[in-house]
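Structure first, commentary second.
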Amino acid sequence: MEAILKEITDFVIEGEDEEVPELVQQALDEGIDADIILKEGLVAAMDVVGPRMAAGDMYVPEVLMCADAMRAGLEILSPILAEEGSESLGKIIIGSVEGDLHDIGKNLVAMMLESSGFEVIDLGINQSIPKFEMAIQEHDPDIVALSALLTTTMPALKETTKVLKEKGYRSKIIVGGAPVDQCYADEIGADGYAEDGAGAVICSKRLLNIA
Ligand code: B1M
């Protein structure tokens, strides 16, 4: 089991978007849990890519190839991870804040929320405050989930939260992303913080008083 997971990790790091889905399917056929493949195969690759990127050993085009390979693998896992619930627990708008182009983690969070029974409207990356506002006016969500992966986009997280709160929308605001923590969420006045997809589900249910 470990061998194929390591192979998946290595192929994601090499940005091989044709081999990765094949290997993910092979791992599933071998009976490995989708959740294990996600964590120990796909996400593990990003734990290698991140430090290499920080050290200047990998550049943006190469990292983009890794992201594509990861996405290709996720496409195989998504239907298994996201078994649809019948009745919606509530409506959630999710997006990466302005200036932030990262979406792998956000997509995972969206998938977890959806698979837990929430209706999720994913606005995508680089979403300005007016875009969040337009979406809120159109969909009237119970929750708005904001994602930020960069320390440089944390101020956009703060500003978006501040403006949406000031405008008095009924939606609760939850925030997350690698540089964000509970302390920062409290500081910027968000209603909730989640470390990952599972946390976002727990946090959303808590805010909507769902047992
Ligand atoms: Co970027 N990048 N990147 N990058 N990138 C990081 C984040 C970085 C830590 C790498 C590093 O240097 N070590 C670093 C940030 C440093 C910092 O700010 N402190 C960094 C940098 C510097 C940059 C650029 C500035 C590089 C450059 O251009 N010189 C640039 C900025 C672009 C921009 O956004 N404006 C950039 C670009 C990119 C790519 C486009 C090449 C690519 C993104 C492709 C894509 O997403 N489609 C990329 C990638 C892939 C990464 C790393 C390697 C991997 C991110 C990832 O997908 N992780 C990342 C290093 C790392 O994280 N190891 C890095 C896997 C994913 C499952 O985890 O995204 O953390 P994560 O999501 C988690 C949680 O954070 C949480 O749940 C998710 C699931 O568990 N979560 C939420 C996320 N959103 C949530 C929302 C919620 C709740 C929880 O709502 C409530």
Side-chain angles (χ1 to χ4, degrees), residues 9 12-13 15 17 35 37-75 77-78 81-82 90 92-116 118 120-128 132 141-157 160-161 164 171-182 184-185 188 190-208:
T9 305
V12 172
I13 295 167
D17 61 357
D35 198 46
I37 302 172
L38 173 68
K39 287 186 186 135
E40 295 179 24
L42 297 173
V43 174
M46 291 301 157
D47 296 339
V48 176
V49 171
R52 285 193 188 171
M53 195 178 170
D57 294 334
M58 271 180 105
Y59 297 100
V60 170
E62 294 165 282
V63 181
L64 271 176
M65 286 172 69
C66 302
D68 281 347
M70 170 134 178
R71 204 191 318 267
L74 267 178
E75 274 172 24
L77 291 184
S78 298
L81 291 168
I92 300 183
I93 281 179
I94 189 166
S96 303
V97 294
E98 186 162 25
D100 210 306
L101 307 179
H102 297 82
D103 68 356
I104 296 172
K106 167 189 69 60
N107 295 347
L108 273 174
V109 173
M111 202 171 74
M112 288 291 286
L113 288 166
E114 213 161 38
S115 67
S116 303
F118 289 97
V120 178
I121 297 144
D122 188 347
L123 303 182
I125 54 171
N126 193 22
Q127 293 296 304
S128 63
F132 276 110
D142 301 293
I143 289 175
V144 177
L146 305 174
S147 174
L149 258 287
L150 299 168
T151 45
T152 50
T153 54
M154 287 170 79
L157 198 63
T160 308
T161 305
L164 298 185
S171 324
K172 304 277 186 200
I173 299 178
I174 64 173
V175 296
V180 183
D181 58 18
Q182 181 69 58
Y184 188 72
I188 66 175
D191 298 297
Y193 158 76
E195 192 181 344
D196 53 19
V201 171
I202 293 168
C203 180
S204 302
K205 285 186 174 173
R206 181 176 51 76
L207 288 172
L208 300 183

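Just follow the structure's listing: the first ligand is 1, and inside any ligand the first atom is 1.
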Checking a contact table here: which protein heavy atom is nearest [atom], and how many Å away?
| atom | result |
| --- | --- |
| atom 44 (C) of ligand 1 | Ala67 CB, 3.7 Å |
| atom 29 (N) of ligand 1 | Val60 CG2, 4.3 Å |
| atom 70 (O) of ligand 1 | Leu149 CD1, 3.7 Å |
| atom 45 (C) of ligand 1 | Asp103 OD1, 3.4 Å |
| atom 14 (C) of ligand 1 | Leu150 CD2, 4.2 Å |
| atom 23 (C) of ligand 1 | Met53 CE, 3.6 Å |
| atom 89 (C) of ligand 1 | Ala194 O, 3.3 Å |
| atom 68 (O) of ligand 1 | Gly105 CA, 4.2 Å |

So if I count the atoms of ligand 1 from 1 in the order they appear, which ones are less than 4.0 Å from some heavy atom of [X]?
| X | result |
| --- | --- |
| Asp100 | 34 (O) |
| Val49 | 53 (C) |
| Leu146 | 86 (C), 90 (O) |
| Leu108 | 67 (C) |
| Ala178 | 70 (O), 75 (O) |
| Gly99 | 33 (C), 34 (O), 35 (N) |
| Thr151 | 17 (C), 18 (O), 19 (N) |

Pick, from [options], the option with the minimum heavy-atom distance to [atom].
| atom | options | result |
| --- | --- | --- |
| atom 43 (C) of ligand 1 | Glu195, Arg71, Met46, His102 | His102 |
| atom 49 (C) of ligand 1 | Ile94, Thr153, Val63 | Val63 |
| atom 86 (C) of ligand 1 | Ser147, Ala54, Pro61 | Ser147 |

Scan the protein's non-hydrogen atoms and note whether one is under 4.0 Å from [atom].
| atom | value |
| --- | --- |
| atom 52 (C) of ligand 1 | no |
| atom 62 (O) of ligand 1 | no |
| atom 7 (C) of ligand 1 | yes |

For Asp191 versus Lys172, what's the shortest heavy-atom pair and its separation?
OD2-CA, 3.3 Å

Where Tyr184 and Asp181 come nearest, the two heavy atoms and their spacing:
N-OD1, 2.8 Å

Roughly how far, to the nearest 0.5 Å, is the CG atom of Asn107 from the NE2 atom of His102?
12.5 Å

To the nearest 0.5 Å, what is the distance between CD1 (Ile174) and OG (Ser204)?
3.5 Å

If you define the side chain from C-beta out and look only at heavy atoms, does anything of [X] sit under 4.5 Å from [Y]?
| X | Y | value |
| --- | --- | --- |
| Ile13 | Arg52 | yes |
| Lys106 | Val109 | no |
| Phe118 | Leu208 | yes |

Under 3.5 Å: donor-acceptor pair, side chain of Asn126, backbone of Gly99
yes

N/O donor-acceptor pair under 3.5 Å between Thr9 side chain and Gly41 backbone
yes

Checking heavy atoms under 4.0 Å, the part of Val180 that sits near ligand 1 is neither

So, regarding [X] and ligand 1 (criterion: nitrogen or oxygen to nitrogen or oxygen, under 3.5 Å), is there a contact or not?
| X | result |
| --- | --- |
| Leu64 | no |
| Ala200 | no |
| Gly50 | yes |

As a quick check of understanding, evaluate side chain to side chain contact (heavy atoms under 4.5 Å, CB included) for Val43 and Met70, giving each step before the final call.
CA-CA 8 Å; Val43 174; Met70 170 134 178; 3.9 Å; yes

Quickly, which of Thr160, Thr161, Ile125 forms a side chain to side chain contact (heavy atoms under 4.5 Å, CB included) with Val97? Name it, please.
Thr160

